[in-house]
Number of protein chains: 2
Amino acid sequence: MEFVEIPEVVILRLPVYVRALTQLTDECISVVSSQQLGAHLQISPAQIRKDLSYFGRFGKQGRGYNVGFLLRELRDILCLDRQWTACLIGVGRLGRAIINYPGFTPESFKIVSAHDHDTSQIGQMIGDLVIQPMSELAESILSKDINIGIVAVPAIHAQEVVDCLVENKVSGILNYAPIVPKVSDNIVLRNIDPVLSLQSMTFYLGKRDGREHIRRA
Amino acid sequence: MEFVEIPEVVILRLPVYVRALTQLTDECISVVSSQQLGAHLQISPAQIRKDLSYFGRFGKQGRGYNVGFLLRELRDILCLDRQWTACLIGVGRLGRAIINYPGFTPESFKIVSAHDHDTSQIGQMIGDLVIQPMSELAESILSKDINIGIVAVPAIHAQEVVDCLVENKVSGILNYAPIVPKVSDNIVLRNIDPVLSLQSMTFYLGKRDGREHIRRA
DNA sequence: AGCTGTGAAACAATTCACAGCA
DNA sequence: TGCTGTGAATTGTTTCACAGCT
């Protein structure tokens with residue numbers, strides 16, 4: 001009897017399961033096997049069963065998993081049953097797209113405060129938020145009990161904004177700036193970087209004959 | 001003497017190295033050790049050396065790596081010295097933000113065609129592109145020699161758009177829709193999904209006392 | 001019969017540690 | 001001395017295969 005850390009790769013897959021199960025719920029499918037779920041997500045059934053087994057025994061032998069029950073359990077594990085609050089830093093084009101993105105709110109995340117360094121934008125509305133100066137960030141985080149900072153400023157300012165968020169005690173940061181910011185290890189950091197995705201893609205696109213992906217050892 | 005496939009994780013790290021080396025170039029630093037580079041990126045020096053060793057011997061013992069040389073080599077490996085062309089499908093708020101994002105063009109990617117299903121938008125300009133109907137997608141891909149499709153349509157339409165791109169022979173797809181699309185395995189797919197990032201983040205945020213991350217085995 | 005849950009086996013990635021070169 | 005490049009060791013992840021439940 002010993003303690004086992006849950007691998008981060010497993011945690012990264014749970015939201016994918018949540019999404020698939022939500023879709024199955026919408027389709028009024030109430031039971032699913034690891035086989036079926038795996039076929040849907042292109043993940044092996046064994047991996048799904050192993051992933052879930054880190055958290056408990058959610059299935060029934062011979063039947064599979066009850067979709068609604070498993071969905072509730074996973075949402076609970078991921079703490080998706082509460083509303084998480086976020087502040088957005090940077091209201092340029094990217095920031096405006098983020099704030100208007102309709103996908104966050106139904107998924108437990110709400111942007112409740114928007115800030116920018118640029119004083120000429122202060123006071124403007126975007127969506128139902130007033131753009132506030134950086135000097136009010138600390139106050140916003142405190143008074144609105146903000147958990148997550150979303151960084152949408154140019155690369156040059158990203159590290160200082162991240163530092164500022166950390167000082168003001170957000171717990172997680174979603175960073176859209178094209179840098180890998182340094183954060184203390186009690187902060188959960190996620191980076192969104194389409195350019196990195198494209199630049200790794202082209203390795204495979206450029207070498208279509210299938211021989212350059214191997215090397216002589 | 002045998003052949004070794006290069007692991008995908010290695011390929012995913014190369015663009016990160018490219019970015020760091022580009023920054024060092026801007027700072028007029030001409031030599032860097034795996035130690036220094038690793039400290040900058042929070043990656044172990046051994047991993048950097050191992051990654052690079054899949055492709056050749058770029059360093060000098062006792063000195064380190066020549067920044068300019070290594071950068072050129074990596075850009076060459078990733079095929080970043082050509083201009084890649086992309087078409088954008090979906091010109092809603094997200095699509096507009098993507099098309100106006102200034103980070104793609106300097107990094108070898110150019111959006112040269114924008115399409116939407118919504119006929120009321122056809123003919124409008126965004127940036128320097130005219131919004132075209134889906135019916136002209138095939139023609140655009142062919143005439144503009146488009147390599148990459150960028151999907152920014154609602155989840156419900158994403159799979160059909162992806163299928164359409166695949167039929168018209170793009171080689172890579174950058175998908176912003178919140179689904180895991182099915183593609184044939186000769187297509188390189190990258191997904192951008194901030195909601196999944198946030199939903200895995202909250203696992204760690206919700207369980208701050210540090211004991212729930214372990215289970216009894 | 002059909003499917004889960006899970007140790008054990010297989011495979012993959014990372015780190016170690018050191019020979020060898022500048 | 002300082003650093004690379006790389007086999008070997010270690011650590012992490014996925015798959016296998018089957019006991020056991022429904």
Side-chain angles (χ1 to χ4, degrees), chain A residues 1-14 16-17 20-21 24 29-71 73-74 77 200 213-217, chain B residues 1-14 16-17 21 24 29-67 69-71 73-74 77 200 213-217:
Chain A
M1 201 174 277
E2 48 178 333
F3 291 99
V4 179
E5 275 269 5
I6 295 165
E8 170 150 41
V9 276
V10 173
I11 303 303
L12 294 174
R13 278 190 294 265
L14 298 186
V16 178
Y17 301 156
L21 293 166
L24 290 172
I29 292 165
S30 63
V31 175
V32 71
S33 66
S34 59
Q35 180 72 235
Q36 297 167 313
L37 193 56
H40 193 269
L41 295 171
Q42 336 225 230
I43 293 179
S44 81
Q47 179 153 90
I48 291 173
R49 294 200 302 277
K50 178 68 106 180
D51 285 353
L52 297 179
S53 78
Y54 281 101
F55 302 97
R57 297 150 172 238
F58 305 117
K60 285 212 173 31
Q61 285 129 322
R63 293 187 124 291
Y65 300 88
N66 178 297
V67 173
F69 172 68
L70 182 55
L71 180 54
E73 289 290 324
L74 291 180
I77 290 162
S200 65
H213 294 171
I214 51 188
R215 67 159 181 143
R216 206 169 289 271
Chain B
M1 203 175 277
E2 47 179 333
F3 290 98
V4 179
E5 277 268 5
I6 295 165
E8 170 151 43
V9 275
V10 173
I11 303 303
L12 294 174
R13 278 190 296 265
L14 297 187
V16 179
Y17 300 156
L21 292 166
L24 291 172
I29 291 164
S30 64
V31 175
V32 71
S33 66
S34 59
Q35 179 71 233
Q36 297 167 313
L37 194 55
H40 193 269
L41 295 171
Q42 335 224 226
I43 294 179
S44 79
Q47 180 154 90
I48 292 173
R49 295 201 303 275
K50 179 69 107 179
D51 285 354
L52 297 178
S53 77
Y54 281 102
F55 302 97
R57 300 151 169 236
F58 304 117
K60 284 213 175 28
Q61 286 131 321
R63 291 186 124 291
Y65 300 88
N66 178 298
V67 173
F69 173 68
L70 182 56
L71 180 54
E73 289 290 323
L74 290 179
I77 290 163
S200 66
H213 294 170
I214 50 184
R215 67 161 179 138
R216 210 168 285 270

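Proteins get letters first, then strands, A, B, ... in listed order; numbering begins at 1 in each.
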query = Can you list the residues that meet the salt bridge (charged side-chain N to carboxylate O under 4.0 Å, His left out) rule with A:R49, with sequence neighbours excluded?
reply = none
ask   = Can you find an N or O donor on one side and an acceptor on the other, under 3.5 Å apart, linking the side chain of A:R57 with the base of C:dG5?
value = no
message = For C:dC18 and B:R49 - does any side-chain N or O of the residue sit under 4.0 Å from the phosphate oxygens OP1/OP2?
response = no
B:I48 CD1 - C:dT14 C1' separation (whole Å) = 13 Å
task = Mind calculating the distance between CG (A:L52) and P (C:dC3) to the nearest angstrom?
result = 16 Å
request  = Answer whether the closest heavy-atom distance between the side chains of B:L71 and B:L24 falls below 4.5 Å.
outcome  = no
message = Return whichever of B:I43 or A:R63 has its heavy-atom-nearest nucleotide of DNA chain C closer to the 5' end.
response = A:R63
query = Are any side-chain N or O atoms of B:Q36 and backbone N or O atoms of B:S33, one a donor and one an acceptor, separated by less than 3.5 Å?
reply = yes
message = Looking at every non-hydrogen atom in both residues, tell me the closest pair between A:F58 and A:E73 and how far apart they are.
response = CE2-OE1, 3.5 Å
message = Check this one for me: any side-chain N or O of B:Q47 less than 4.0 Å away from OP1 or OP2 of C:dT14?
response = yes
key: Within residues 30-41 of chain B: residues closer than 4.0 Å to DNA chain D (heavy atoms)   = B:S33, B:S34
key: Which residue lies more 5' along DNA chain C, comparing A:K60 with B:E8 via nearest heavy atoms   = A:K60
task = To the nearest 0.5 angstrom, please state how far the CG atom of B:L52 sits from the OH atom of B:Y65.
result = 5.0 Å
D:dT14 phosphate, OP1 or OP2, under 4.0 Å from A:S44 side-chain N/O = no
message = By nearest atom, which of the nucleotides D:dT6, D:dT15, C:dA13 is closest to the B:K50 side chain?
response = D:dT6
ask   = Roughly, in whole Å, what's the span from CD1 in A:I11 to P in D:dG12?
value = 15 Å
task = Please check the phosphate of C:dG5 (OP1 and OP2 only) for any side-chain N or O of A:Y65 closer than 4.0 Å.
result = yes
query = When rounded to the nearest 0.5 angstrom, what is the spacing between OH in A:Y17 and CG in A:D51?
reply = 3.5 Å
